[in-house]
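Working notes, structure below.
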Amino acid sequence: MKKINLGLILGTCAAIIDLIIMLIQRITWDANLSAFSLWIISGFFIATSNLNVNKILKGIIISFLILLPNLFLIAWKEPISLIPIITINICLGALLGYFIKYSKH
């Protein structure tokens, strides 16, 4: 249960960081809520996954897989916006993987 709580707490922290970035850019609320939920779900899955890779890579892989379906929708309308989205996803996913690795598995 501790690892689930840690994943949810750190996922919420990543969500807040991403939300601040998106609010500064005046992104629509549907995108804000989508990104917010992505990070909470990513934190949960990173904390509970048994994927046997480097923890930072694990965070990047899992957060990217959760983002992947949305990337198609984003790319269809605004392909240039994929660059900052993927960059932020890599950074926050890596941070989540790094900090969640300290949970007792």
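Small disclaimer: the values here were computed from a predicted structure and weren't measured.
A distance-only check finds a donor-acceptor pair linking the side chain of K58 to the backbone of I46 [under 3.5 Å]. Judged purely by atom type and a 3.5 angstrom limit, S63 uses its side chain to pair as donor or acceptor with the backbone of G59. Judged by distance alone, with hydrogens and angles left aside, the side-chain atoms of N32 form no donor-acceptor pair with the main-chain N or O of L23 at under 3.5 Å.
Hydrophobic clustering, with ILVMFWY side chains joined whenever heavy atoms are under 4.5 angstrom apart, keeps L96 apart from M22. Both I24 and I16 are members of a single hydrophobic cluster when ILVMFWY side chains are connected at heavy-atom separations under 4.5 Å. Cluster membership for I9 and I20, using ILVMFWY side-chain heavy atoms within less than 4.5 angstrom, is not shared. Each of I74 and W76 belongs to its own hydrophobic cluster when Ile, Leu, Val, Met, Phe, Trp and Tyr are linked at side-chain heavy-atom distances under 4.5 angstrom. Cluster annotation: F44 and F64 are assigned to the same hydrophobic cluster (Ile/Leu/Val/Met/Phe/Trp/Tyr, side-chain heavy-atom contacts under 4.5 Å, transitive).
W39 has its side chain out of reach of L19: every pair of non-hydrogen atoms, C-beta onward, lies at least 4.5 Å apart. A heavy-atom distance below 4.5 Å is not found between the side chains of F99 and L6.
Distance check: N89 CG to D18 CG gives 8.5 Å after rounding to the nearest 0.5 Å. In this structure, CG in N5 is found 10.5 Å from CG in L10, a value given to the nearest 0.5 Å.
Counting non-hydrogen atoms of neighbouring residues, nucleotides and ligands closer than 6.0 angstrom, the CZ atom of F45 reaches no more than 12 such neighbours. Heavy atoms of other residues, nucleotides or ligands lying less than 6.0 angstrom from CD1 of I80 number 12 at most.
The side-chain contact (heavy atoms from CB on, under 4.5 Å) search around I56 returns N54, I60, A94, Y98, not counting sequence neighbours.
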Name every donor-acceptor pair, under 3.5 Å, that has one atom in a side chain of residues 81-88 and the other anywhere in the protein, sequence neighbours excluded.
from : atom 1 : to  : atom 2 : distance (Å)
S81  : OG     : E78 : O      : 2.6
T87  : OG1    : I83 : O      : 2.7

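Pairing each heavy atom of S49 with each of I62, the nearest pair is CB-CD1, 3.6 Å. Taking every heavy atom of both residues into account, I40 and A15 meet most closely at CG1-CB, 4.4 Å. Shortest non-hydrogen contact noted between I100 and A47 is CG2-CA, 3.5 Å.
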